[in-house]
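Heavy-atom basis, side chains included; hydrogens, waters and symmetry copies ignored. Just so you know, ligand 1 is whichever comes first in the structure, and atom 1 is the first atom listed for that ligand.
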Amino acid sequence: MPMSNSRRQFLCGTAALTVSALSPALADAQKTSRLILLGTAGGPRPRKTRSAPAQVIVVNGTAYVVDCGDGVARQLVLAGIPLASVRHVFLTHQHSDHNADYGNLLLLAWTAGLRTRVDAWGPPPLEQMTRHFMEMNSYDIATRIKDEGRIPLQPLVHVHELRKGGVVLQDENVRVRATLVDHPPVVPAFGYRFDAEDRSIVISGDTRPSDNLIELAQGADILVHDALYAPAIDRLVAGVPNAPDLKRSILSHHTTAEDAGRVAHAAGVKTLVLSHLIPPEDPEVTDQMWIDAASANFHGRVVVGKDLLEL
Ligand SMILES: [Zn+2]
């Protein structure tokens, strides 16, 4: 039986009302992934204007932290991400600019109210590091359990050592895949890809131009890639006693902004985010210089990473 116009309008209106009343921003918020750059400086030396490498992806209120450079817990707080919402922690590789605050993130999240399971993923010796960290802090942990009525920390933390690429995990929010990247002499070193419902995000970790990473990042919406600005490296290492070795090391196992553009182009990504910047805070290297270098080989959007930038 054909519906009258007014009846149809009423039903449409009701449906629209129901959808907007029940889902609204909540459903969108649940599906929408957030990527926040927590630290964008390359290298372990603490800097004034950028924190050490770390980023967080948040989906449906669940936080996935990738790398734990110095200050990662505080950067999460500054980004407005509850520490107790940390569910998974991924390390790309065992360099101190990426792992210095791995244990501290767990400990400080626990003091901030974490009472739920955390899975930690990364290269060996992640198990040993975790165990030693818990031992090193056993006095404080035991004291707070007794004095503040906290639940034990160690049983919350589940460590998974990764030795090869492949699917790392799949849950209700994301599928995470890892690939081996090329960051000698640190082996293994990983890049990670997060496929959420709304988009895909790839974090390169530290690497020189990597065919594995190009494969992992195929068609991704966002590629966060480590980047160096080669003409400025001499200034960066000037004055340090190990300058020749440091320069050779930096140039041999990282990726220039130009090459990051090549990788982004080869992978067909939409947006390239330059991060883990080397040098991290040279006033003579402007954002435009980074962008121009990467754009020489890539015609998508290029973003120069900044701490607490959300994408
Ligand atoms: Zn590294």
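By the ring-ring contact (aromatic ring centres under 6.0 Å, His included) test, Phe298 pairs with no residue at all, sequence neighbours left out.
The ring of His225 has its center no closer than 6.0 angstrom to the ring center of His276. Checked against the 6.0 Å centroid threshold, Tyr64 and Tyr192 do not count as a close aromatic pair.
Atoms of the protein (N, O or S only) found under 2.8 Å from the Zn ion (ligand 1) are His93 NE2, His95 ND1, His183 NE2, Asp206 OD2.
At a cut-off of 3.5 Å, with distance as the only test, no side-chain donor of His253 or Asp182 sits close to an acceptor on the other residue. Using modelled atom types and a 3.5 Å distance limit, the side chains of Asp307 and Thr40 yield a donor-acceptor pair.
Between Glu281 and Arg50 there is no salt bridge, since no side-chain nitrogen of the basic residue lies less than 4.0 Å from a carboxylate oxygen of the acidic one.
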